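Everything quoted here is computed from the prediction, not taken from an experiment.
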Amino acid sequence: MFNDNNDIFILLRNSSIERKIMVGISKKLFEEWKELAQRELKGKDLENHYWITPEEIKVKPLYTKEDLKDLANQLENLPGLEPFMRGPRATMYTNKPWTIRQYAGFSTAEDSNEFYKKCLENGQTGLSVAFDLATHRGYDSDHPRVSGDVGKAGVAIDSVEDMKILFNQIPLDKMSVSMTMNGAVLPVLAGYIVAAEEQGVPQKLLSGTIQNDILKEFMVRNTYIYPPKESMRIVSDIISFTSKNMPLYNSISISGYHMQEAGSTLTQELAYTLADGIEYVRAALEAGLEIDEFAPRLSFFFCTGMNFFMEVAKLRAARFIWANLMKQFNPKDPRSLSLRTHCQTSGVSLTSQDPHNNIIRTAYEALAAVLGGTQSLHTNAFDEALALPSKLSSRIARNTQLILSEETGVKEVIDPLAGSYYVESLTNQVIEKTLSLIEEVEEMGGMTVAVSKGFTKIKIEESAAKRQARVDKNEEVIVGVNKYVNKNLNEEIDLLVVDNKKVISEQIQKLNKIKKERDNNAVNTSIEKLRNGAKNKGNLLELSIEAIRSRATVGEISKALEDVFSRHKAVSQSITGVYGSAFSEDTLFNEAQNKVKNFAKKEGRQPRILVAKLGQDGHDRGAKIIATAFADIGFDVDIGPLFATPEETSKQAIENDVHVVGISSQAAGHKTLVPELIKSLTENGGEKIIVVVGGIVPPGDIEDLKKAGVSAIFGPGTPITNSANQVIDILLKKNLLS
């Protein structure tokens with residue numbers, strides 16, 4: 001009938017099809033769709049197909065042009081121009097792709113250096129350093145409180161000599177380096193600067209980022225050292241020093257990542273992160289800096305989880321909100337309004353069950369970060385719910401980004417989801433929800449006040465408990481955990497094992513060597529100057545650099561500041577009722593409650609559990625969720641202080657006459673610390689107290705822990721109702737036998 005395809009094209013252009021598309025969806029046409037949809041649903045209400053997200057955003061099953069009619073200003077944005085919703089740079093990835101910046105560090109500086117060099121040879125384009133928990137908390141490797149943590153969750157750095165080894169043969173004038181450090185930020189950043197100097201690289205050529213985001217630590221991650229007020233002084237001193245001496249360096253990476261990992265909703269993550277950012281801006285201004293001196297070098301760090309379109313909308317909303325919030329400070333440089341961010345795929349979305357599923361999860365999360373417009377990206381390794389990443393899993397994680405960058409075509413178009421009815425509408429709703437949360441914080445007096453009162457921490461913990469309840473009730477599907485479970489799975493995965501005792505031995509040898517060879521008079525002089533600077537108004541980074549040059553250690557510098565500022569101790573708060581309210585009619589939950597009542601009738605009191613963290617692992621999300629859920633089931637629950645030694649936890653358990661100690665382990669210290677706890681219980685009259693462990697426990701550690709006397713081990717993804725029933729069964733059996 002037609003001579004060629006062009007005839008078909010002409011016919012279509014002249015038909016009503018194109019005209020209908022051009023003018024949008026008519027009311028009559030929309031009603032036709034609703035009628036058709038209702039028939040397909042066979043009488044079910046279309047309203048049931050609306051989704052209420054954890055952020056309390058109502059997501060419709062269909063979006064049309066009507067959803068954009070009030071968003072004209074939002075739709076007129078262009079990349080590189082205020083308010084930067086479509087990206088901080090005009091050309092985005094079409095000119096320069098995002099930086100592939102894999103977060104890594106383990107055991108010694110020597111091992112990490114070799115790993116970094118191989119990563120750079122294989123396509124990685126920036127470095128991101130993970131430090132061990134001893135370093136984070138300002139302790140040298142020979143300190144008795146860190147015996148289980150040295151080299152475990154990152155690289156051990158005790159001095160500038162370690163830092164020099166870490167970057168050996170890596171030119172710091174050419175390599176952008178990100179360092180995730182907050183508590184011991186002064187000696188670590190000073191060590192990097194002096195290591196560069198001794199490489200022949202001046203401060204003005206250093207590029208990269210120091211996290212330096214202490215407010216977030218008081219909310220979720222807990223690797224703080226000093227109280228909030230003194231910690232904020234350190235932040236402003238670093239911003240001041242770097243803005244004057246390190247023009248290419250990002251003085252702070254304001255992080256929401258750990259908030260989402262701790263259980264926040266995406267709007268909480270965004271609101272509290274941006275509110276933190278405003279607080280840091282105010283601190284820098286109060287220190288005498290001009291807004292345009294430092295604001296262009298502020299950067300952010302967000303998590304990208306499994307809610308794909310919400311994550312894209314979150315990053316677009318972040319740039320829009322930040323630009324508008326910064327206007328209150330009257331900057332002249334448009335870069336002061338531009339939000340630049342690093343993203344990391346979610347760790348909490350990784351599962352120990354059917355762990356190869358994590359490769360797929362990470363790929364989707366990485367795509368969300370890129371479509372949202374991130375400037376750099378880390379992709380998690382699939383085995384991180386079991387142990388530290390192995391070389392194989394690290395390579396797969398890195399190659400996930402290389403394939404995304406080189407094979408999918410995502411670099412060829414800027415902000416390809418712009419104009420989507422759904423994405424634009426969702427972005428607008430995220431903006432509105434986020435602004436309402438920021439206003440709530442501002443009305444309290446700002447983020448420092450909100451953090452000091454524990455307000456934001458409690459809000460995040462409530463969200464975490466609600467999310468855990470949804471997962472445990474199968475309302476939120478996790479493939480391989482609560483749906484499509486592979487019960488025949490019996491795969492062995494080669495996991496990275498760090499010999500903690502070997503690392504400690506090597507670090508102590510290096511510490512002894514540096515202390516023997518250095519000029520101790522010069523060290524003492526520099527340390528005393530640092531103390532005086534802390535008491536007065538000296539710039540603490542400048543003074544720390546001087547101390548590091550003299551070969552003072554991370555622990556010595558941190559202790560000098562602790563002498564003046566004190567070491568912060570958090571007051572544990574807990575929530576009740578949030579988890580239990582979701583389970584009022586759940587069979588397993590009610591079964592556990594009845595067993596608790598049965599135990600109480602026989603014992604004359606409720607079963608009592610001490611939920612504890614050992615060592616310097618501050619990740620307390622799991623511990624807090626267990627505490628609230630077990631309390632709702634009927635246990636008497638004590639929450640141990642963070643950073644306890646095995647002996648301190650044993651003493652608390654015996655004094656409080658608990659039946660159970662539940663250890664939450666996220667950072668691999670359990671193999672050393674849990675046997676020490678059991679030994680201390682046995683030696684001090686607590687041999688009848690049972691010990692259970694939950695968290696990231698590699699399969700190879702399970703048998704050792706059971707031989708040491710652990711009664712039960714619960715990996716990531718274990719429903720709390722299951723673990724509670726198992727714990728009370730152990731107690732009832734023990735009660736019966738005794």
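- Put simply, the side chain of I57 reaches to within 4.5 Å of the side chain of V59, judged on heavy atoms.
- Between the side chains of K483 and N474, not a single donor N or O lies within less than 3.5 Å of an accepting N or O.
- When ring centroids are compared, Y63 and Y421 stay outside the 6.0 Å threshold.
- Taking the six-membered ring for Trp and the full ring otherwise, the centers of H342 and F300 sit at least 6.0 Å from each other.
- Between R361 and V479 the shortest side-chain heavy-atom distance falls below 4.5 Å.
- Counting only N and O atoms by type, the side chains of E365 and S346 include no donor and acceptor under 3.5 Å apart.
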*asked:* Using the rule given for ring-ring contact (aromatic ring centres under 6.0 Å, His included), can you reason through H659 versus F635, listing the C-alpha separation, both sets of side-chain angles and the distance that settles it, and then say yes or no?
replied: CA-CA 10 Å; H659 300 97; F635 281 76; 8.9 Å; no
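- A pairwise comparison of heavy atoms in S376 and R101 identifies OG-NE, 4.0 Å as the closest pair.
- Summarising the geometry of E384 relative to I696, their closest heavy-atom pair is O-CD1, 3.6 Å, with the distance given to 0.1 Å.
- For Y364 and F308, the ring centers are positioned 6.0 Å apart or more.
- In this structure, I254 and F301 have side chains that are not in contact, with every pair of non-hydrogen atoms separated by 4.5 Å or more.
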For this session: Report the C-alpha separation of M219 and M447 in whole Å, then their side-chain angles, then the decisive distance to 0.1 Å, and conclude whether the side chain to side chain contact (heavy atoms under 4.5 Å, CB included) test is met.
Result: CA-CA 10 Å; M219 277 188 271; M447 207 52 165; 3.6 Å; yes
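- The pair D638-R608 meets the salt-bridge criterion, with a side-chain N (NZ, NE, NH1 or NH2) lying under 4.0 Å from an Asp/Glu carboxylate O.
- Looking at every heavy atom in both residues, K473 comes nearest to A582 through NZ-O, 2.5 Å.
- E66 and T64 are not linked by any side-chain donor-acceptor pair at a separation below 3.5 angstrom, with hydrogens and angles left out of the test.
- Between Y103 and H378, the two ring planes are perpendicular [angle over 60°; tilted spans 30° to 60°].
- Contact of the I689 side chain with the V660 side chain is not registered, since no non-hydrogen atoms from C-beta on lie closer than 4.5 Å.
- With respect to the salt-bridge test (charged N to carboxylate O, under 4.0 angstrom), the residues K595 and D729 qualify.
- Rounding to the nearest 0.5 Å places CD1 of I728 at 11.5 Å from CD of Q593.
- For T628 and E461, the side-chain atoms include no donor-acceptor pair closer than 3.5 Å.
- Of the inter-residue distances, the one linking Y272 atom OH with T434 atom OG1 reads 10.5 Å to the nearest 0.5 angstrom.
- A donor atom on one side chain and an acceptor atom on the other are found under 3.5 Å apart for D383 and S390.
- Look at R470 and E475 and you find no salt bridge, because none of the NZ, NE, NH1 or NH2 atoms lies under 4.0 Å from a carboxylate O.
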- Message: If you apply the rule side chain to side chain contact (heavy atoms under 4.5 Å, CB included), what do you find for N656 with L610, and how did you get there?
- Response: CA-CA 9 Å; N656 291 7; L610 169 62; 5.5 Å; no
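- By the 4.0 Å N-to-carboxylate-O rule, K60 lies close enough to D67 to be salt-bridged with it.
- The residues K706 and E703 are annotated as not salt-bridged, no charged nitrogen and carboxylate oxygen being separated by less than 4.0 angstrom.
- Looking at D701 and P698, their side chains come closer than 4.5 Å, going by heavy atoms from C-beta outward.
- N428 and E424 are not linked by any side-chain donor-acceptor pair at a separation below 3.5 angstrom, with hydrogens and angles left out of the test.
- With rounding to the nearest 0.5 angstrom, the CG atom of L377 is 7.0 Å from the OG1 atom of T345.
- The aromatic rings of F589 and Y579 lie tilted to each other, with the angle between the two planes from 30° to 60°.
- A salt bridge does not link K613 with D620: every distance from a Lys NZ or Arg NE/NH1/NH2 to an Asp or Glu carboxylate oxygen is 4.0 Å or more.
- Rounding to the nearest 0.5 Å places CG of L731 at 8.5 Å from CD1 of I609.
- R621 and E261 are not joined by a salt bridge, as no carboxylate oxygen comes within less than 4.0 angstrom of a charged side-chain nitrogen.
- The pair D617-K152 does not meet the salt-bridge criterion, since no charged nitrogen lies less than 4.0 angstrom from a carboxylate oxygen.
- Between the side chains of T427 and R316, at least one donor N or O lies within less than 3.5 Å of an accepting N or O.
- Side-chain contact between F630 and V611 is absent, with no heavy-atom pair separated by less than 4.5 Å.
- P607 is listed as a side-chain neighbour of V596, based on a closest heavy-atom distance under 4.5 Å.
- Side-chain contact of Q260 with Q268: a donor-acceptor pair under 3.5 Å is absent, judged by distance alone.
- Residues N222 and H619 bring no donor and acceptor atom of their side chains to less than 3.5 Å of each other.
- Here the side chain of D149 pairs no donor or acceptor atom with the backbone of L133 at under 3.5 angstrom.
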